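Since we're looking at a predicted model, the values are computed, not measured. The first residue of the sequence shown is numbered 1, and numbering continues consecutively from there. Just so it is clear, the values below take in all heavy atoms, side chains as well, and ignore hydrogens, waters and symmetry mates.
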Amino acid sequence: MDERILALLSAVADGTVSVEAAFEELKDVPFQDLNHTKIDLHRQLRKGIQEVIFGEGKTFEQIEEIVRSMTEKGIDVLATRVDTEKGGRLVERFSEGTYHKAARCFTIKKDMSVKGKGTVVVVSAGTSDIPVAEEARTASAFFGNVTETLYDVGVAGIHRLFQNLDLIRKARAVIVAAGMEGALPSIVAGIVAAPVIAVPTSIGYGASFGGISALLAMLNSCSTVATFNIDNGFGA
């Protein structure tokens, strides 16, 4: 978005675009009002990344209109929490898009060049934590990071983690998704120098309280970890 605004202003300055045409282009700034949704067109200018669509709770028609509006303005699209039925329909409507089933994400991105400064490694404690880990992996790759994964290496078989230390020790940052007792991020943070971002998942039996036990364990970690909300792979 910032490059487009600079190019537009330059075109006005050199006379190839009229003031009236530039006004039409800029009139939706700082947001476009779709009635049901107000798309934040200034977010990339403020934060360096564009607005992301949270698909849960939105109708297919609402998501479709948001995606169409963003693509018409040349904005990359990442939609999270999109179920399989809506994801399939989005791919039918937007052939350039990709539905990531495991992550429940839909993306449209033309430039997949690497912009990050190192490798992000996404770790899951169990196989059941993979959907949250995949949401994190998809978002990390979307924003231009080299991203690798290491799944099902939780504390019930911690030797599986230790046999993959070379992978996590080369990471610039590590994201760890864990449910149950939520102990894995603390262990990882104790053996690597990189920042560890912990994501509690809602996986577990009754006393896990839908991920609250894992969340509290991560917040009380003796190792230094940054903890996100339950199941928030995108935030991580």
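- Using a 4.5 Å heavy-atom threshold, the side chains of E135 and V199 count as separate.
- I168 and I187 fall within a single hydrophobic cluster, where Ile, Leu, Val, Met, Phe, Trp and Tyr side chains are chained together by heavy-atom contacts under 4.5 Å.
- Look at E134 and R104 and you find no salt bridge, because none of the NZ, NE, NH1 or NH2 atoms lies under 4.0 Å from a carboxylate O.
- Side-chain contact check for D231 versus R81: some heavy-atom pair is nearer than 4.5 Å.
- Without hydrogens or angle criteria, Y99 side chain to D83 main chain gives a donor-acceptor distance under 3.5 Å.
- For R68 and E64, the salt-bridge test passes: some basic side-chain N is under 4.0 Å from an acidic carboxylate O.
- K86 places no side-chain N or O within 3.5 Å of a backbone atom of I63 that could act as its donor or acceptor partner.
- S208 places a side-chain N or O within 3.5 Å of a backbone atom of Y205 that can act as its donor or acceptor partner.
- Using a 4.5 Å heavy-atom cutoff, the side chains of F143 and L78 are in contact.
- Between the side chain of N145 and the backbone N or O of S140 there is at least one donor-acceptor pair closer than 3.5 Å.
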With side chain to side chain contact (heavy atoms under 4.5 Å, CB included) as the test, would you mind laying out the steps for F162 and I191 before giving the verdict?
CA-CA 10 Å; F162 295 149; I191 57 178; 4.2 Å; yes
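- Residues T16 and D14 bring a donor and an acceptor atom of their side chains to less than 3.5 Å of each other.
- Side chains of R93 and V67 form no contact here, defined as non-hydrogen atoms less than 4.5 Å apart.
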Stepwise, does the side chain to side chain contact (heavy atoms under 4.5 Å, CB included) test hold for D152 with D129?
CA-CA 8 Å; D152 193 28; D129 302 309; over 6 Å; no
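- The structure places OG of S95 at 8.5 Å from CD1 of I108, a figure rounded to the nearest 0.5 Å.
- The main-chain N or O of G179 is found under 3.5 Å from a side-chain atom of T201 such that the two form a donor-acceptor pair.
- A donor-acceptor pair under 3.5 Å links the side-chain atoms of S213 to the main chain of A207, judged by distance alone.
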Dump the intermediate steps for side chain to side chain contact (heavy atoms under 4.5 Å, CB included) on V77 and F94, then the final yes or no.
CA-CA 11 Å; V77 174; F94 304 96; over 6 Å; no
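- Residues V225 and V176 form no side-chain contact, since every pair of their non-hydrogen atoms from C-beta on lies 4.5 Å or further apart.
- Atom NE2 of H100 sits about 12.0 Å away from atom OG1 of T80, to the nearest 0.5 Å.
- Contact check for I66 versus K58: side-chain heavy atoms found under the 4.5 Å cut-off.
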